[in-house]
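The structure appears below as C-alpha cells.
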Amino acid sequence: MAHRGEWRAEIAAGWTLLATATYACGTGVSALVYYSFGLFVEPLQQHFGWSRGEISTALVFGSFGLVLAAPALGWCMDRVGARRVALVAIPALGLVLLLLSRFEGPRALFYSLFFLLNVAGIGTSSILYSRAVAGSFDAARGLALGLTLAGPGTAAILLPLLMTAVIGEWGWRAGFVTLALLAFSPWLPVWRWLRPSVAQAKPG
C-alpha cells in the first residue's frame with residue numbers, strides 16, 4: 001500500500017495537470033453533446049418540422065463516429081501523446097459545433113455533422129484525459145482518476161442549467177455557439193499544463 005505521504009506529494013506536484021484534465025474532461029465531446037442534446041430537440045422540431053425520433057437519430061450517427069474513431073485515438077496517443085492529440089481535437093470539436101450553429105439543412109447533413117462531431121472530438125473524451133492522468137500518477141492514481149471523472153459529472157449538473165437559460169433566451173443557434181465556446185476553453189490550459197512530467201515528484 002502506498003504511503004500517505006507519497007500520494008499527497010503526487011497530488012501537490014501534479015494538481016495543475018489534474019485540474020486541467022478534470023476541466024477538459026467536463027468540456028469534452030461526451031459531456032457537451034450528450035448532457036445538452038435533449039434541450040435542443042424541441043427548438044429543432046419547431047424550426048425544421050422534424051420529429052423527435054428524426055432528431056434523436058443524430059446520436060446514433062454520433063455513436064458510429066465514436067466507435068470508428070476510438071481505435072485511431074489509441075494509435076495517435078501511443079505515437080504523439082495525449083497532449084498533442086487534445087490540442088488538435090479541441091479546436092476541431094469547437095469548429096464543428098460552430099458549423100451546427102449555422103446549419104440550415106438537409107437532415108442528412110445534420111446527421112453527418114454529428115458523425116463528424118464525434119470523430120473530431122474523440123480526442124477530447126475521457127479516454128484521453130484518463131490516459132494522461134494514469135500515466136502521470138502512481139501512488140495517487142486512483143484518486144486522480146476519480147477526480148478527473150468528476151468533470152463530466154459536474155457538467156451533467158451545471159450544463160443543463162446553463163443551456164436552458166441560453167436556448168430559452170437566444171435560441172438553439174446560440175446554444176451551439178455556447179457549446180463551441182466551452183469546447184474551445186480548455187485549449188490554453190491543456191497546452192500549458194497537460195504535461196506528464198509535472199506530477200512525477202516523489203517525497204524526499
Side-chain angles (χ1 to χ4, degrees), residues 19-70 73 86 89-130 147-190:
T20 295
T22 300
Y23 176 74
C25 199
T27 53
V29 62
S30 298
L32 292 182
V33 175
Y34 292 93
Y35 294 150
S36 67
F37 184 83
L39 300 172
F40 287 90
V41 173
E42 185 175 346
L44 290 172
Q45 280 183 294
Q46 294 175 355
H47 188 88
F48 294 105
W50 300 340
S51 71
R52 180 173 292 269
E54 288 171 334
I55 296 169
S56 298
T57 299
L59 294 180
V60 177
F61 283 85
S63 296
F64 285 148
L66 289 175
V67 169
L68 293 176
L73 172 64
I90 288 169
L93 173 63
L95 287 173
V96 180
L97 287 166
L98 288 177
L99 288 176
L100 279 165
S101 75
R102 306 307 305 164
F103 174 76
E104 287 292 352
R107 195 168 67 247
L109 178 58
F110 184 69
Y111 296 157
S112 298
L113 286 172
F114 264 81
F115 177 85
L116 180 60
L117 183 70
N118 285 270
V119 170
I122 186 69
T124 68
S125 68
S126 59
I127 300 171
L128 181 137
Y129 295 113
S130 295
L147 291 172
T148 301
L149 295 178
T154 303
I157 297 170
L158 299 180
L159 188 61
L161 300 176
L162 172 63
M163 298 309 298
T164 297
V166 171
I167 295 173
E169 184 70 23
W170 294 290
W172 65 270
R173 294 189 188 279
F176 279 120
V177 171
T178 301
L179 291 181
L181 293 175
L182 289 171
F184 284 125
S185 66
W187 194 92
L188 281 175
V190 166

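Nothing fancy with the numbering, it's 1 onward along the sequence. Reckoned from all heavy atoms, side chains included, excluding hydrogens, waters and symmetry mates.
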Enumerate, atom names and distances included, each donor-acceptor pair closer than 3.5 Å involving a side-chain atom of residues 59-67, sequence neighbours excluded.
residue, atom, partner, partner atom, Å
S63, OG, L59, O, 3.0

Pairs of donor and acceptor atoms involving the side chains of residues 116-123, under 3.5 Å and at least two apart or interchain, shall be tabulated with distances.
residue, atom, partner, partner atom, Å
N118, OD1, Y34, OH, 3.4
N118, ND2, F114, O, 2.8

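Listed by first and then second residue, the side chain to side chain donor-acceptor pair (under 3.5 Å) pairs involving residues 152-181 are E104-R173 (not counting sequence neighbours). The salt bridge (charged side-chain N to carboxylate O under 4.0 Å, His left out) pairs that include a residue from residues 55-66 number zero, where partners must be two or more places apart or lie in different chains. Every pair tested for salt bridge (charged side-chain N to carboxylate O under 4.0 Å, His left out) that includes a residue from residues 27-52 fails, sequence neighbours excluded, so the list is empty. Within the structure, no pair that satisfies the salt bridge (charged side-chain N to carboxylate O under 4.0 Å, His left out) test touches residues 20-29, not counting sequence neighbours. Counting only residues at least two apart or in different chains, salt bridge (charged side-chain N to carboxylate O under 4.0 Å, His left out) contacts with residues 19-34 are absent.
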Assess the residue pair T27 and F184 against the criterion (side chain to side chain contact (heavy atoms under 4.5 Å, CB included)); give the C-alpha distance rounded to whole Å, side-chain angles, the decisive distance to 0.1 Å, and a yes or no. CA-CA 9 Å; T27 53; F184 284 125; over 6 Å; no
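Considering only residues two or more places apart in sequence or on other chains, S185 meets the side-chain hydrogen bond (donor to acceptor under 3.5 Å, both in side chains) condition with Y23. Qualifying side chain to side chain contact (heavy atoms under 4.5 Å, CB included) partners for P160, counting only residues two or more places apart in sequence or in other chains: L39. Looking at residues two or more places apart in sequence or on another chain, you find a side-chain hydrogen bond (donor to acceptor under 3.5 Å, both in side chains) between R107 and Y111. Not counting sequence neighbours, the partners of A183 by the side chain to side chain contact (heavy atoms under 4.5 Å, CB included) test are L32, L93, L97. Residues forming a side-chain hydrogen bond (donor to acceptor under 3.5 Å, both in side chains) with Y35 (at least two apart in sequence, or on another chain): none.
Taking both residues in full, the closest heavy atoms of C25 and A31 are given as O-CB, 4.0 Å, listed atom of the first, atom of the second, then distance. Residue F37 comes nearest to I55 through the heavy atom pair CZ-O, 3.3 Å, listed as atom of the first residue, atom of the second, then distance. The two residues S126 and L149 have their closest heavy-atom pair at CB-CD2, 3.9 Å. Pairing each heavy atom of F40 with each of G175, the nearest pair is CZ-C, 3.7 Å.
For the pair L162/L182, a side-chain contact is recorded, criterion being any heavy-atom separation below 4.5 Å from C-beta on.
Interatomic distance, CZ of F110 versus CZ of F48, reported as 7.5 Å (0.5 Å rounding). Considering OG1 of T22 and CG of L147, their distance stands at 6.0 Å, rounded to 0.5 Å.
Looking only at distances, a side-chain donor or acceptor of T124 sits under 3.5 Å from a matching main-chain atom of V29. A donor-acceptor contact shorter than 3.5 Å is absent between the side chain of S101 and the backbone of V177.
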